[in-house]
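Inspection log for the structure reproduced underneath, given as C-alpha cells.
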Amino acid sequence: MKKEFTEIFEVDSVLKTLALCILTIGSYLIYKLYRFSSQINQNNQNTHLKISNVFMFIAIVLFAVSFGSLFYGLVNLHDPIILKKSMAIHIISTVFDITWINMVRNRINLIAGANKGDKLWLNPFITSIFHVIYMQYKINQGLVKAAIQGIQTDK
C-alpha cells in the first residue's frame with residue numbers, strides 16, 4: 001500500500017455510514033462521495049487522479065433535482081406525465097452518480113496500489129451494490145493494515 005493512502009483517508013464507522021445512507025434516503029451517499037473526492041483532490045499531487053469540481057457540482061445538483069422531482073411525482077401520482085418527467089431526470093442523475101462512484105472507486109484503487117484480487121481492491125460489482133459503505137469498509141481495512149505495518153516496523 002502506498003504511504004499517501006494513510007495521508008488521504010480517515011477511519012469512519014461503516015455502520016454509521018450505512019445508517020445515514022438509509023436514514024437520509026441516499027443523500028449521505030452524495031455527501032460521502034463528495035468527501036472522498038475532496039480528500040483525493042486536496043491531498044494528491046497527481047492531476048490525473050483529481051475529480052473535476054464542475055462534475056461534482058453537476059452531479060450534486062442533478063441528485064437534488066432528481067430527489068425533489070421524484071418526491072413531487074409521488075405526491076402527484078394521479079398525473080403520469082409528472083412521474084414520467086421525474087423518472088427521466090432520475091435516470092440522468094443516476095448516470096452521473098454511477099460515473100462518480102466509479103471515478104472514486106478507481107482512484108481509491110490507484111492510491112491504495114490495489115490490483116484485482118488484492119485484499120484492498122474495490123470490486124466493481126460489490127461497489128455497485130454497496131457504494132460508499134463498501135468504500136469506507138475497504139478504506140478502514142487499508143488504514144488498519146497500514147497502522148499494523150507501522151507498528152511492526154517501529155519494533
Side-chain angles (χ1 to χ4, degrees), residues 4-116 118-144:
E4 65 183 353
F5 184 85
T6 59
E7 296 169 355
I8 294 174
F9 300 108
E10 303 166 350
V11 172
D12 197 7
S13 169
V14 174
L15 288 176
K16 178 186 97 174
T17 303
L18 172 64
L20 287 172
C21 283
I22 292 168
L23 292 173
T24 62
I25 314 168
S27 297
Y28 191 71
L29 166 102
I30 298 300
Y31 167 76
K32 277 301 259 193
L33 280 175
Y34 178 78
R35 183 106 167 95
F36 289 151
S37 299
S38 295
Q39 290 170 330
I40 290 166
N41 288 350
Q42 289 174 1
N43 298 305
N44 204 308
Q45 302 305 318
N46 299 327
T47 55
H48 72 280
L49 291 179
K50 293 189 184 282
I51 298 171
S52 166
N53 288 328
V54 173
F55 176 84
M56 290 188 291
F57 176 77
I58 292 169
I60 291 167
V61 168
L62 282 171
F63 177 83
V65 169
S66 170
F67 190 80
S69 70
L70 281 175
F71 180 74
Y72 184 75
L74 290 173
V75 169
N76 295 293
L77 272 176
H78 60 278
D79 189 353
I81 293 173
I82 292 174
L83 190 58
K84 286 180 184 178
K85 287 180 180 179
S86 69
M87 294 281 271
I89 294 169
H90 183 69
I91 290 169
I92 294 167
S93 173
T94 299
V95 168
F96 269 80
D97 293 345
I98 290 170
T99 302
W100 194 3
I101 289 164
N102 283 322
M103 291 168 74
V104 171
R105 178 186 63 85
N106 291 340
R107 281 152 179 83
I108 291 172
N109 279 338
L110 285 171
I111 293 167
N115 296 307
K116 187 175 182 176
D118 292 348
K119 185 177 181 180
L120 295 180
W121 185 69
L122 285 161
N123 181 300
F125 179 71
I126 298 172
T127 304
S128 69
I129 296 170
F130 296 108
H131 311 302
V132 296
I133 300 159
Y134 178 61
M135 289 177 192
Q136 188 63 60
Y137 171 73
K138 287 295 187 174
I139 287 170
N140 290 353
Q141 277 186 330
L143 293 173
V144 167

Under the side chain to side chain contact (heavy atoms under 4.5 Å, CB included) rule, what do L70 and M87 come out as? Steps first, then yes or no, please. CA-CA 7 Å; L70 281 175; M87 294 281 271; 4.3 Å; yes
Is there side-chain contact between [X] and [Y], with heavy atoms separated by less than 4.5 Å?
X    : Y    : answer
V61  : V65  : yes
F63  : S27  : yes
I51  : W100 : yes
Y72  : K85  : no
L20  : K32  : no
M135 : V104 : yes

Could you tell me which non-hydrogen atom of [X] sits nearest to which non-hydrogen atom of [Y], and how far apart they are?
X    : Y    : result
W121 : Y134 : O-OH, 3.5 Å
S69  : S86  : O-CB, 3.2 Å
I139 : E10  : CG2-O, 3.9 Å
L120 : K138 : CD2-O, 3.8 Å
N140 : V11  : OD1-CA, 3.3 Å
F5   : L143 : CE2-N, 3.9 Å

Take a 6.0 Å sphere around CZ of F71 and say whether it holds more than 12 heavy atoms from other residues, nucleotides or ligands. no
Please say whether more than 12 non-hydrogen atoms of neighbouring residues, nucleotides or ligands are located less than 6.0 Å from CG in L23. yes
Quick check for you: to the nearest 0.5 Å, what is the distance between [X] atom [atom1] and [Y] atom [atom2]?
X    : Y    : atom1 : atom2 : answer
S38  : M56  : OG    : CE    : 5.0 Å
S128 : L122 : OG    : CG    : 11.5 Å
N109 : K116 : CG    : NZ    : 12.0 Å
L49  : I8   : CG    : CD1   : 8.0 Å
I111 : N106 : CD1   : CG    : 11.0 Å

Set out, in order, the CA-CA distance, both residues' side-chain angles and the distance that settles side chain to side chain contact (heavy atoms under 4.5 Å, CB included) for N102 and I98, then state yes or no. CA-CA 6 Å; N102 283 322; I98 290 170; 3.7 Å; yes
For H131, the option from D97, I101, I126 that meets side chain to side chain contact (heavy atoms under 4.5 Å, CB included): I101
Hey, what's the ring geometry for F9 with F36, parallel, tilted or perpendicular (30° and 60° as the breaks)? perpendicular
Under the side-chain hydrogen bond (donor to acceptor under 3.5 Å, both in side chains) rule, what do Q141 and K119 come out as? Steps first, then yes or no, please. CA-CA 9 Å; Q141 277 186 330; K119 185 177 181 180; 5.5 Å; no
Are Y31 and Y34 near enough that their ring centres are under 6.0 Å apart? no
